[in-house]
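Have a look at the structure below, then the notes.
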Amino acid sequence: MQTQNAISLENSRHPTSILSRQARVEGPFGMIGTPMRFARNSEIYGEDEAAEYLYQVVSGAVRTYKILEDGRRQIGAFYLPGDIFGFEAGETHISSAEAVSETRVIVVKRAALMVRATHEKDLARQLWDATAQELRRFQEHLMLLICSAEDRVVGFLHDMARRAVKNAASSFRCRGRISPTISV
């Protein structure tokens, strides 16, 4: 199984480990993904790396960021449980992603997911919804650029509070078994 081999290679490069196969996570990746655990501040993927996978947060939080020429880190987005990240228009990541805290994600090979979505209408709709949500988040982020620093902080806190309430109401339930069935 090539996906498992690719994930194993990732394990040797990043301080991660495959999660126990005892839990099944609901959502678009639950039955087809590979669970992984990332320690606080560990890299999930780096800028300019191949964008071969999509990720769904199970627990914890993820931030995407770019390191600017002057050495500052520019945060792009935060992802909470249920959020999908790693969408790219091209073949490489335009930013890096790292775990904010101890984080569990489901990892799915992008190419295999696209093939499967051509046959599963519900999966295609879920991917569309996730892509539209990412676009909406980006558009709202752009609107913050014209605000004062104080307004940006207030907007960020409001957004995180809204998302935390939404995620608490529709949090993942773990049951059953995860079955990584992707083959490429």
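Quick caveat, the model's predicted, so the values are computed rather than measured.
Closest approach of Asn41 and Arg63 over heavy atoms only: OD1-NH2, 2.7 Å. In terms of heavy-atom proximity, Pro81 sits nearest to Ser59 at CG-CA, 3.9 Å. Between Pro35 and Gly33, the shortest heavy-atom distance links the atoms CD-O, 3.9 Å. The shortest heavy-atom contact between Ala99 and Phe38 is CB-CB, 3.9 Å. Across all non-hydrogen atoms, the minimal contact from Ala77 to Arg137 is CB-CD, 4.4 Å. Taking all atoms of both residues into account, the shortest heavy-atom contact from Leu113 to Leu127 is CD2-CD2, 3.7 Å.
Residues meeting the side-chain contact (heavy atoms from CB on, under 4.5 Å) test with Ala124, sequence neighbours left out: Ala117. For Ser148, the side-chain contact (heavy atoms from CB on, under 4.5 Å) criterion is met by Glu150, Asp151, not counting sequence neighbours. Scored by the side-chain contact (heavy atoms from CB on, under 4.5 Å) test, Ser96 finds Glu43, Glu47, Tyr65 as partners (sequence neighbours excluded).
Both Met160 and Leu157 sit in one connected hydrophobic cluster of ILVMFWY residues. Membership requires side-chain heavy atoms under 4.5 Å apart, directly or through other members. Note: the hydrophobic cluster containing Ile94 does not contain Leu68 (ILVMFWY, side chain heavy atoms under 4.5 Å, direct or indirect links). Side-chain heavy atoms closer than 4.5 Å link hydrophobic residues (I, L, V, M, F, W, Y) into clusters, and following such links, possibly through other members, connects Val100 to Ile75.
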Given Glu120 and Arg125, is the salt bridge (Lys or Arg N to Asp or Glu O under 4.0 Å) satisfied, shown in steps?
CA-CA 9 Å; Glu120 296 180 25; Arg125 184 196 52 76; over 6 Å; no
Arg72 vs Ile67, side-chain contact (heavy atoms from CB on, under 4.5 Å): CA-CA, chis, key distance, verdict
CA-CA 6 Å; Arg72 292 179 297 143; Ile67 301 297; over 6 Å; no
Residue pair Tyr79, Glu134: steps toward the side chain to side chain donor-acceptor pair (under 3.5 Å) verdict:
CA-CA 10 Å; Tyr79 298 93; Glu134 186 70 7; 2.5 Å; yes
Check the pair His93, Glu49 against side chain to side chain donor-acceptor pair (under 3.5 Å), reporting the backbone distance first and the verdict last.
CA-CA 6 Å; His93 290 291; Glu49 287 183 4; 5.9 Å; no
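Although no hydrogens or angles enter the test, the distance criterion places a donor-acceptor pair under 3.5 Å between the side chain of Thr103 and the main chain of Ser101. With Lys109 contributing its side chain and Glu52 its backbone, the two residues share no donor-acceptor pair below 3.5 Å.
A distance of 8.0 Å separates CD1 of Ile84 from OG1 of Thr131, quoted to the nearest 0.5 Å. Between atom CD of residue Glu88 and atom OG1 of residue Thr92 there is a gap of 7.0 Å, rounded to the nearest 0.5 Å. Atoms CD and OG1, from Gln74 and Thr64 in turn, are 10.0 Å apart once rounded to the nearest 0.5 Å.
Looking only at side-chain heavy atoms (C-beta outward), Tyr53 and Arg110 stay at 4.5 Å or farther from each other. Contact annotation: the side chain of Asp83 never approaches that of Gln56 to less than 4.5 Å [non-hydrogen atoms, C-beta and beyond]. With contacts defined as side-chain heavy-atom distances shorter than 4.5 Å, the pair Val62/Phe78 does not qualify. Using a 4.5 Å cut-off on side-chain heavy atoms (C-beta onward), Val58 and Ile106 make contact. Looking at Met36 and Arg104, their side chains never come closer than 4.5 Å, going by heavy atoms from C-beta outward.
The number of heavy atoms from other shown groups lying within 6.0 Å of NE2 (His119) is above 12. Within 6.0 Å of the CZ atom in Arg73, the count of heavy atoms belonging to other residues, nucleotides or ligands exceeds 12.
For the 3.5 Å distance criterion, the side chains of Gln126 and Asp122 qualify, holding a donor opposite an acceptor.
Aromatic ring orientation, Tyr55 versus Phe85: parallel (interplanar angle below 30°, classes split at 30° and 60°).
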